[in-house]
Amino acid sequence: MTAPSPGLTSGAVARRLGVAPTTLRSWDRRYGIGPAARENGRHRRWSPDDIAVLQEMCRLTASGVPPAEAARAALAAGGEGPARTALGEGVPGPAVPTPGDVRRELRGLGRAAVRLDAGAMDELLESAIARHGLVTAWEEVLAPALHAVGRKWETSGDRYVEVEHLLSWHVSTALRRVGSAGRARTSPDGTPPVLLACVPHEQHTLPLEALAAGLAELGVPSLMFGAAVPPEALDQAVRRTGPVAVALWAQARSTADHPLARHVADTAWGVRGARSRTAVLLSGPGWAGRTPAPGMLRPTGLREALSLLHGLCATARDGAGAAAAPGGG
């Protein structure tokens, strides 16, 4: 008789779902979304049923459901089909594109860009985001199209510069449209924002624009400061807003400013005895090669960055609610 499988480790499950291992530990500790069995009483081992509950949790939180409510719904559903929110509405998960779909959409977007066909680009971008969801569309269609056009420009003797500029503008427009729709559905709740900024001398903003759009879909407030933010301006923004987190984008190692990131992580505000600091997300390939210092996180992509920031925002909400409750600190 075959022995039962011991299950997957937390690291393997995190890679499969595209979330951070710290997120899994937080969900286990805060909401009871954890493995039924632990090896030697300590090490987490996730069974298929445990993973199904996690998948349901990911679908719900990615759709903007608050983590506590998503956990209750995911546990109640037991991973059997889409969970139901308090309103009784089914929340579908993101579509999984087939390789053929992605290749066709990617080729179509590239050809429209080369033709300088603005109308076709808008239609293809809107269709990809609607069909696959923002994160998958960014990772599988939008970002690869931008990279392909950039490579074409670099290898063609400065041809196709106009193609890259036009495609970038239309991608930016599509992302801002998603962000505007998300913000229109979100009611302000007083949660501090997430600050999004490129480090000084960094001009690449589209990955941060994708992050801003994803945060808006999740109901997480953000402030986008754009390209090449001066250190003094970033410092003042942090002190004035008291953000949940600051995401600093660096495309290249030559622009990654580690002293600036350390300064932001060390910046404190608030009254004496109740000082606060912000988490810093080192976003982009420019930060690779160093182990993040305490207070800093380095997400591997858009999906993990959204998961981390959503969790930090939920923690801030829960903390504010506990402090405001009778007997709260």
Side-chain angles (χ1 to χ4, degrees), residues 58-70 85-87 89 91-95 121-123 125-139 141-143 168-198 204-227 229 233-234 236-238 240-249 278-279 281 283 299 301-321:
C58 290
R59 281 196 292 266
L60 290 167
T61 55
S63 301
V65 178
E69 181 184 342
T85 66
L87 298 177
E89 301 269 334
V91 180
M121 280 190 284
D122 283 341
E123 183 177 339
L125 289 165
E126 183 177 352
S127 173
I129 292 170
R131 184 175 185 182
H132 305 308
L134 172 67
V135 175
T136 300
W138 170 257
E139 293 177 343
V141 181
L142 279 62
S168 296
W169 173 257
H170 283 270
V171 169
S172 176
T173 301
L175 294 172
R176 295 188 192 196
R177 189 179 298 121
V178 172
S180 295
R183 284 187 290 272
R185 295 191 300 268
T186 302
S187 300
D189 61 2
T191 303
V194 173
L195 268 56
L196 310 174
C198 289
H204 293 80
T205 64
L206 284 176
L208 275 189
E209 292 180 44
L211 182 56
L215 291 172
E217 283 196 321
L218 294 173
V220 175
S222 67
L223 294 174
M224 170 60 139
F225 289 89
V229 180
L234 182 61
Q236 286 299 310
V238 170
R240 290 178 62 184
T241 62
V244 168
V246 176
L248 293 175
W249 179 267
T278 187
L281 265 69
S283 302
L302 177 59
R303 192 180 302 275
E304 185 178 355
L306 287 171
S307 176
L308 288 169
L309 292 171
H310 195 198
L312 289 169
C313 186
T315 299
R317 284 198 190 105
D318 291 348

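Keep in mind that this is a model prediction, so the values were computed, not measured. We number each residue from 1, following the sequence as shown.
- If you take CE on Met224 and CG on Leu215, they are separated by 10.5 Å, rounding to the nearest 0.5 Å.
- Without hydrogens or angle criteria, Thr278 side chain to Ala245 main chain gives a donor-acceptor distance under 3.5 Å.
- In this structure, the side chain of Ser127 does not engage the main chain of Glu123 through any donor-acceptor pair within 3.5 Å.
- Trp138 is listed as a side-chain neighbour of Val171, based on a closest heavy-atom distance under 4.5 Å.
- To the nearest 0.5 Å, the span separating OG1 on Thr241 from CD on Gln236 amounts to 10.5 Å.
- Side-chain N/O atoms of Arg176 and Ser172 include a donor and acceptor closer than 3.5 Å.
- Nearest heavy atoms, Ala174 versus Ile129: CB-CD1, 4.2 Å.
- When the options Leu211, Leu208, Leu134, Leu125 are evaluated for a side-chain contact (heavy atoms from CB on, under 4.5 Å) with Leu175, the one that passes is Leu134.
- A heavy-atom distance below 4.5 Å is not found between the side chains of Ser283 and Pro207.
- Between the side chain of Thr315 and the backbone N or O of Gly311 there is at least one donor-acceptor pair closer than 3.5 Å.
- Of the candidates Leu195, Leu234, Leu281, Leu234 is the only one forming a side-chain contact (heavy atoms from CB on, under 4.5 Å) with Leu248.
- To the nearest 0.5 Å, atoms CG (Leu308) and CZ (Arg303) are separated by 13.0 Å.
- If you take NE2 on His310 and CD on Glu217, they are separated by 11.5 Å, rounding to the nearest 0.5 Å.
- Counting all heavy atoms, side chain and backbone alike, Cys198 lies closest to His204 at SG-O, 3.2 Å.
- Side-chain atoms of Val244 and Pro193, non-hydrogen and from C-beta on, never get closer than 4.5 Å to each other.
- Across every non-hydrogen atom of Pro192 and Pro221, the tightest pair is O-CG, 3.8 Å.
- We find the CG-OG1 distance between Leu312 and Thr191 to be 12.0 Å, quoted to the nearest 0.5 Å.
- Val194 places none of its side-chain heavy atoms less than 4.5 Å from the side chain of Val246.
- By the 6.0 Å contact criterion, CD on Glu126 is open, its count of non-hydrogen atoms from other residues, nucleotides or ligands being 12 or less.
- Pairing each heavy atom of Leu306 with each of Gly214, the nearest pair is CD2-C, 3.5 Å.
- How far OG1 of Thr205 is from CZ of Phe225: 14.5 Å, rounded to the nearest 0.5 Å.
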